[in-house]
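Sequential numbering from 1 along the given sequence is applied to the chain's residues. Just follow the structure's listing: the first ligand is 1, and inside any ligand the first atom is 1. Since the structure is predicted, the reported quantities are computational estimates derived from the model, not experimental observations.
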Amino acid sequence: MDSHYWATELWRITLFVFLAIVAGSISGQWLISITIISISYSVWLLYKLNNLNQWLKSKSYRKNSPDNSGIWERIETQIRNINRTSDKNKKRTNKLLKRFQGIVKGLPYATIILNENNEIEWANEKALSYLNIDISKDRGQRIDNLLRSPEAVKIVNKKRNQEIEISLPHNNERRLAVQYVPVQKDLKLVLARDISDRINVQQMRKNFISNASHELRTPLTVISGYLEMMADDENLPGHLKSAVKHSSIQSARMKDIIEDMLTLSRLEKSELDEESCSNVDVASILNSICNDEIKITSSNSHRLITDIDNRLHLLGVESEIVSVCSNLIQNAIKHTPSETEIRVSWKQQDNGNACLSIDDNGPGIPDEHIGNLTQRFYRVDKGRSRDQGGTGLGLAIVQHIIQRHGGELEISSIINKGSTFSAVFPADKVVDINK
Ligand code: ADP
């Protein structure tokens, strides 16, 4: 209780006052006596302060304490309590720090902590085996001076949360996914994980699909051939006619799926070959597809409106560009009801990019499906797509082709308003024939 300390202090003051009264009444010099006693009290206070200061300065102040009483003892106890709390906090922080370092050490990721200048502050052991970054030597170095991959340097300098795939610096067969994560202005993370196994499994899956499609193609061609022959045979018994007709339709569907699967495999296997690229007249491709579609679809069906820049050509593989255009236009017709208005536009944007946009005012696509549309065999309405002869591979093929040409497929849709599928090609692939 503080009153106990103040009581001792009051006793001391009373003693000094008593001494002043005694000295004053004996000497008759009241002013001098009070002054001397007051100075003595002040000197005593200074002495105590000095003791406290020496005690705090001494290295052993946590263990020993000066011989004190009254309010001085109280001050000393308070200081001791503050120290004890701060020691406890320090221990807790150290324990937390050790736990955190243990966790980061044990992570299957290479983890590098950077400051605001992208200088390395800390890195775990995986950073050495994956990226050759040794914290005992490289602390304080800029990460972009140490990373060997130009793509990795690019993402670090872009200062955006982004992930890229690179090869291990000393082993081209292993692949890493490197992610740059800006946490705060002065705290950034570079994370890298080994994704070679995932890529190998993907590759095995792709090879399997490609081989299976090749193997199925020939027997299916034979079966389709015989079915066609039987369908044309006038002597075919009546009860078999419908079975043969249905079998023909299904084998034609299977052929379409296998052809699409082979197209996808071919696109995945090879990079775009510059030599097979030519100056593609996109406008005439679009005009010819639209004219064909108008002839095929009945007059009360879809309305096709075109807004096409004839001067705008594209550097690319003609057959692949034809596939993008026809897939997107046919999708807009297949997946919307009759009387839907479809706008086909091919124009250059202000930034020099060229954009092919197929816009319909059909029923639209619910938001949750949009991100999945380019996955193989993904359909919003499976039954309807099959009835329309869809393979579910069209948009996967379209996206691959656009990306091979350096572009992006953008999809947006609003329920009851319609959908827009845009293929945006970079300015360096655009050829303006008037220039
Ligand atoms: P499909 O062979 O079924 O057309 P795609 O890969 O081309 O396969 O398209 C995937 C799915 O995307 C379609 O099944 C359909 O549900 C949806 N889709 C594509 N284009 C449109 C569109 N213009 N309007 C509404 N849905 C569309």
Are there over 12 heavy-atom neighbours, none belonging to Tyr226, within less than 6.0 Å of that residue's OH? no

Stepwise, does the side chain to side chain contact (heavy atoms under 4.5 Å, CB included) test hold for Ile329 with Leu286? CA-CA 9 Å; Ile329 295 174; Leu286 289 170; 4.0 Å; yes

Check each atom of ligand 1 against the heavy atoms of Phe421 and keep those under 4.0 Å away; list them by number with element. 19 (C), 20 (N), 21 (C), 22 (C), 23 (N)

Which one of Ala332, Gly392, Ser413, Gly364 has a non-hydrogen atom at the shortest distance from atom 8 (O) of ligand 1? Gly392

Residues two or more places apart in sequence or in another chain: which of them pass salt bridge (Lys or Arg N to Asp or Glu O under 4.0 Å) with Asp350? none

With heavy-atom distances below 4.0 Å as the criterion, list the atoms of ligand 1 near Thr391. 2 (O)

Verify the distance criterion only: is there a donor paired with an acceptor across the side chains of Ser167 and Arg175 at less than 3.5 Å? yes

When distances are taken from atom 4 (O) of ligand 1, the protein heavy atom at minimum range is His335 NE2, 2.8 Å

Just need the protein heavy atom nearest to atom 6 (O) of ligand 1, so name the residue and atom and give the distance. Leu395 N, 2.9 Å

Any idea which protein heavy atom is nearest atom 23 (N) of ligand 1, and the distance to it? Asp360 OD2, 3.1 Å

Starting from atom 14 (O) of ligand 1, what is the nearest protein heavy atom, named by residue and atom, and what distance separates them? Arg379 CG, 3.2 Å

Considering non-hydrogen atoms of the protein only, which is the closest contact for atom 3 (O) of ligand 1, and what is the distance? Ser385 OG, 2.5 Å

What do you reckon, does Lys334 have a nitrogen or oxygen under 3.5 Å from a nitrogen or oxygen of ligand 1? yes

Provide, to 0.1 Å, the distance between atom 12 (O) of ligand 1 and the closest protein heavy atom, together with that atom's residue and name. Leu373 CD2, 3.4 Å

Electrostatic pair Lys255:Glu259 at N-O distance under 4.0 angstrom: no

The closest protein heavy-atom partner of atom 16 (O) of ligand 1 is Val380 N, 3.1 Å

d(Leu49 CG, Trp72 CH2) to nearest 0.5 Å is 4.0 Å

Short N/O distance, under 3.5 Å, between Tyr378 and ligand 1? no

Modelled atom types, side-chain donor and acceptor of Thr391 and Asp260, under 3.5 Å: yes

Show the atoms of ligand 1 that are less than 4.0 angstrom away from any heavy atom in Gly394. 5 (P), 6 (O), 7 (O)

Lys126 vs Thr111, test: side chain to side chain contact (heavy atoms under 4.5 Å, CB included). Steps then yes/no. CA-CA 7 Å; Lys126 278 267 185 309; Thr111 309; over 6 Å; no

Tell me whether Glu116 is salt-bridged to Lys188, with the criterion being a basic N under 4.0 Å from an acidic carboxylate O. no

Write out the residue and atom name of the closest protein heavy atom to atom 7 (O) of ligand 1, then the distance separating them to 0.1 Å. Asn331 ND2, 2.8 Å

Going by distance only, is there an N or O of Asn327 that falls short of 3.5 Å from an N or O of ligand 1? no

Suppose I only count heavy atoms of Ile365 and a 4.0 Å limit; which atoms of ligand 1 are within that range? 25 (C), 26 (N), 27 (C)

Salt bridge present between Lys347 and Asp307 (N-O < 4.0 angstrom): yes

